Amino acid sequence: MLIGTWNINSIKMRKDHVERFLQDKSIDLLALQETKVKTEEFPGFNFKKLGYEIYHQGGKGRNGVAILSRIKAERIIKGFEGLEEEENFPDVKERIVGIKINLENIDELWVFSVYIPNGNPVNSEYYFYKLQFLWKFREFLEKNFTKESLLIIMGDFNVAPEEIDVYEPEILKESICFTERERKSFFAFLEFGLIDTLRMKYPNKKGIFTWWDYQFSAFKKNQGMRLDHILITNPLKEKLKNIWVEKGPRGWEKPSDHAPVLAEFDL
DNA sequence: ATGACTGGAGTTTCCAGA
């Protein structure tokens with residue numbers, strides 16, 4: 001099974017890219033972020049034609065998460081569903097969507113598409129909202145699952161966890177997505193029982209990024225950050241065959257500023 | 001020359017993204 005995650009920075013602008021990518025790679029399930037359309041306004045017709053079910057939660061002009069899946073969902077979960085204090089996170093339903101699917105050899109696999117708040121500027125109210133959001137997300141997982149559940153949680157976390165995940169740690173150390181507090185919050189989130197698949201496979205490999213600034217010819221110079229992650233629980237560890245960043249679409253005409261991340265599972 | 005950002009809202013310019 002081939003799955004992936006991609007922050008597309010507007011589905012209206014990137015519809016053709018997504019279609020092309022799904023077909024080129026023959027993807028079974030793709031998580032999208034920043035669709036930037038209302039829930040009911042997702043342009044789903046073409047994806048349905050290609051054989052995908054669409055599970056989308058959006059907001060007008062911003063945020064928005066979706067899952068395009070060849071396998072039909074048994075259940076859908078949105079935001080911090082069932083959690084008290086969900087109202088303290090008013091945009092969470094535009095940031096988290098999950099589906100439960102059953103496969104031939106596996107029951108109850110949960111897959112999530114998530115878009116963690118950006119948090120800029122550092123130390124602003126929004127920055128602390130981001131940190132709290134990560135903490136609350138872990139609480140949400142603890143309420144609904146255990147570390148033995150079959151979970152794939154993927155999306156744009158807006159955190160580069162380690163120094164090797166940014167092009168120049170010295171320059172970026174006080175910048176959004178790479179501050180000490182964000183990185184600590186990310187690792188605290190992982191402590192629920194999640195594995196960062198890319199680092200599991202390539203613990204020391206440098207220069208692997210998923211986002212490059214539109215400015216400064218950043219992509220050409222490979223000056224990026226690794227902000228998009230595919231996280232899994234322990235029972236899925238042996239099922240993971242490979243994980244990689246598809247840089248191709250970042251070089252297409254009028255690209256998203258993120259590249260997709262793909263993972264192949266023995267499922 | 002050492003090098004030009006993008007999308008959305010909404011109305012001409014601002015905000016958010018990372």
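All values reported here derive from a predicted model rather than from experimental measurement. Labels below follow one simple rule: chain letters A, B, ... track the order of the sequence lines, proteins then strands, and each chain is numbered from 1.
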Please report, rounded to the nearest Å, how far the [atom2] atom of [N] is from the [atom1] atom of [X].
{"X": "A:N118", "N": "B:dT6", "atom1": "CG", "atom2": "P", "result": "18 Å"}
{"X": "A:N63", "N": "B:dG8", "atom1": "CG", "atom2": "P", "result": "13 Å"}
{"X": "A:K36", "N": "B:dA9", "atom1": "NZ", "atom2": "C1'", "result": "11 Å"}
{"X": "A:I116", "N": "B:dG17", "atom1": "CD1", "atom2": "P", "result": "13 Å"}
{"X": "A:F216", "N": "B:dG3", "atom1": "CZ", "atom2": "C1'", "result": "12 Å"}
{"X": "A:E34", "N": "B:dG8", "atom1": "CD", "atom2": "C1'", "result": "11 Å"}
{"X": "A:M13", "N": "B:dA9", "atom1": "CE", "atom2": "P", "result": "12 Å"}
{"X": "A:L172", "N": "B:dA18", "atom1": "CG", "atom2": "C1'", "result": "10 Å"}

What residues form a ring-ring contact (aromatic ring centres under 6.0 Å, His included) with [X], not counting sequence neighbours?
{"X": "A:Y167", "answer": "none"}
{"X": "A:Y202", "answer": "none"}
{"X": "A:F137", "answer": "A:F189"}

Looking at the rings of A:Y214 and A:F219, which for Trp means the six-membered one, are their centres under 6.0 Å apart? no

Are A:F133 and A:F80 an aromatic pair, judged by ring center distance below 6.0 Å? yes

Does any pair with a residue in residues 220-241 of chain A pass salt bridge (Lys or Arg N to Asp or Glu O under 4.0 Å), and if so which ones, sequence neighbours excluded? A:D165-A:R226, A:D196-A:R226

Any [X] side-chain N or O less than 4.0 Å from OP1/OP2 of [N]:
{"X": "A:S10", "N": "B:dG8", "result": "yes"}
{"X": "A:N120", "N": "B:dC15", "result": "no"}
{"X": "A:Y167", "N": "B:dA18", "result": "no"}
{"X": "A:R14", "N": "B:dG7", "result": "yes"}
{"X": "A:Y126", "N": "B:dG17", "result": "yes"}

Under 4.0 Å, counting only non-hydrogen atoms across every strand here, what does A:D156 touch: a base, just sugar-phosphate, or nothing? sugar-phosphate

Looking at every strand, decide which applies to A:F157 at a 4.0 Å heavy-atom threshold: base, sugar-phosphate, or nothing. nothing

Residue set satisfying salt bridge (charged side-chain N to carboxylate O under 4.0 Å, His left out) with A:E108, at least two apart, ordered chain then number -> A:K100

Side chain to side chain donor-acceptor pair (under 3.5 Å): which pairs involve residues 130-139 of chain A, sequence neighbours left out? A:E85-A:K136, A:K130-A:E182, A:K136-A:E139, A:R138-A:E142

Applying side chain to side chain donor-acceptor pair (under 3.5 Å) as the test, list every pair that has at least one member in residues 145-163 of chain A; sequence neighbours left out. A:N7-A:D156

For DNA chain B, determine which residues of [range] have any heavy atom closer than 4.0 angstrom to one of its atoms, and list them numerically.
{"range": "residues 88-97 of chain A", "value": "none"}
{"range": "residues 222-230 of chain A", "value": "A:M225, A:L227"}
{"range": "residues 252-259 of chain A", "value": "A:K254, A:H258"}
{"range": "residues 204-215 of chain A", "value": "A:W211, A:Y214, A:Q215"}

Under 4.5 Å between side-chain heavy atoms, chaining through other members, with only Ile, Leu, Val, Met, Phe, Trp and Tyr counted: pull out the rest of the cluster around A:Y52, sorted by chain and number. A:L2, A:W6, A:I8, A:I11, A:V18, A:F21, A:L22, A:I27, A:L30, A:L32, A:V37, A:F42, A:F47, A:L50, A:I54, A:L68, A:W244, A:W252, A:L262

Got a salt bridge between A:R70 and A:E53, using NZ or NE/NH1/NH2 to carboxylate O under 4.0 Å? no

Whole-Å [atom1] distance, [N] and [M]:
{"N": "B:dC15", "M": "B:dT11", "atom1": "C1'", "result": "15 Å"}
{"N": "B:dT13", "M": "B:dG3", "atom1": "P", "result": "29 Å"}
{"N": "B:dC5", "M": "B:dA18", "atom1": "C1'", "result": "12 Å"}

Out of B:dG17, B:dG7, B:dA4, which nucleotide sits closest to the side chain of A:S217? B:dA4

Regarding A:E174 and A:T179, do their side chains bring together a donor and an acceptor under 3.5 Å, going by distance alone? no

Side-chain donor-acceptor pair present, A:E19, A:N46, cut-off under 3.5 Å: yes

Roughly how far apart are A:H56 NE2 and A:K38 NZ, rounded to 0.5 Å? 12.0 Å

Donor-acceptor contact below 3.5 Å, side chain A:T39 vs main chain A:G58: yes

